Every structure is written in C-alpha cells, then in structure tokens.
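Computed from a predicted structure; not experimentally measured. Numbering of residues begins at 1 and proceeds along the displayed sequence. Note that these values count all heavy atoms, side chains included, but never hydrogens, waters or copies made by symmetry.
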Amino acid sequence: MKKYIIALGLVAILSGCAEFNKYITVSSNATPQEKFRACALSEAQSKLQNGTLFAQSMTATKDEIVNTCIKKLALEAAGIDSEAQSITSNIINSLQNLNK
C-alpha cells in the first residue's frame with residue numbers, strides 16, 4: 001500500500017516535469033521490468049491527466065494499470081503492437097462499410 005501511494009506521488013510530481021518522458025521511454029534493449037515500469041508510469045500519468053486516476057479504489061486502479069501494461073507488453077513481444085492500431089482501424093472501417 002505504501003509503495004502504491006509513493007508511486008502515485010512520484011507520478012504526480014513527475015507529471016509536472018518536462019523530463020517525465022525519460023521515465024516513460026525505454027529502449028528496445030530494456031529489461032521487461034524497465035518496460036513494465038515505463039508502461040505503468042505512462043498509464044498512471046494518462047489517468048492523472050484525464051482525471052480518472054482516483055475515480056476507482058486503489059486496488060481497482062492498480063489492477064487496471066497492471067492488466068493494461070501486461071497486454072501491451074505481450075502484444076509488443078508478439079510483434080504486433082505497431083500493427084494493432086492499423087488492423088483494428090481496418091476491421092472497423094470494413095464493418096462500417098458493410099453496415100451502410
């Protein structure tokens with residue numbers, strides 16, 4: 001619980017810094033832990049900026065961030081992270097055209 005509060009505090013402090021990107025950007029050679037940490041910070045910062053970081057309980061927010069990052073990292077490891085947006089857009093456009 002303390003670690004979660006400290007992490008949220010860190011996100012709040014870092015979100016105001018111009019150098020925050022260095023904490024959420026990692027190289028392709030980064031360890032899985034570094035990639036996860038960067039993803040979690042990025043997700044928490046996004047939630048903080050759009051006002052949803054504290055909308056749920058801490059446990060629910062933590063679980064959501066963890067699950068989101070696990071999915072993102074799994075897609076990246078499978079080599080389809082960069083394709084996912086394009087594939088999804090194509091599917092939606094195709095379905096939309098069928099529905100006309």
If two hydrophobic side chains count as joined below 4.5 Å and joins carry through other members, does Ile87 share a cluster with Leu95? yes
If two hydrophobic side chains count as joined below 4.5 Å and joins carry through other members, does Ile92 share a cluster with Leu98? no
Would you check, one step at a time, whether the test side-chain contact (heavy atoms from CB on, under 4.5 Å) holds for Ser86 with Asn90? CA-CA 6 Å; Ser86 175; Asn90 289 340; 3.9 Å; yes
How many angstroms lie between CD in Gln45 and CG in Asn50, if you round to the nearest 0.5 Å? 10.5 Å
Which atom pair, heavy atoms only, marks the closest approach of Cys69 to Ala40? SG-N, 3.4 Å
Is the backbone of Thr31 close enough, under 3.5 Å, to the side chain of Glu34 for a donor and an acceptor to pair up by distance? yes
The test is side-chain contact (heavy atoms from CB on, under 4.5 Å); show your working for Thr61 and Phe54 and say whether it passes. CA-CA 8 Å; Thr61 302; Phe54 304 109; over 6 Å; no
Donor-acceptor side-chain pairing of Asn29 and Ser27 below 3.5 angstrom: no
How far apart are the C-alpha atoms of Lys35 and Lys72, what are their side-chain angles, what is the distance that settles it, and do they pass the side-chain contact (heavy atoms from CB on, under 4.5 Å) test? CA-CA 10 Å; Lys35 289 179 181 180; Lys72 283 183 177 182; over 6 Å; no
Is it true that a side-chain atom of Ser57 and a backbone atom of Ala60 form a donor plus acceptor pair closer than 3.5 Å? yes
Starting from the C-alpha separation in whole Å, work towards a yes-or-no answer on side-chain contact (heavy atoms from CB on, under 4.5 Å) for Val26 and Arg37. CA-CA 10 Å; Val26 293; Arg37 187 176 305 116; over 6 Å; no
dist Asn67:CG -> Glu43:CD (nearest 0.5 Å) comes out at 11.0 Å
Does the side chain of Ile65 come within less than 4.5 Å of Lys47's, by heavy atoms? yes
Locate the shortest heavy-atom distance separating Leu73 from Phe36; write the atom from each residue and the value. CD1-CA, 3.7 Å
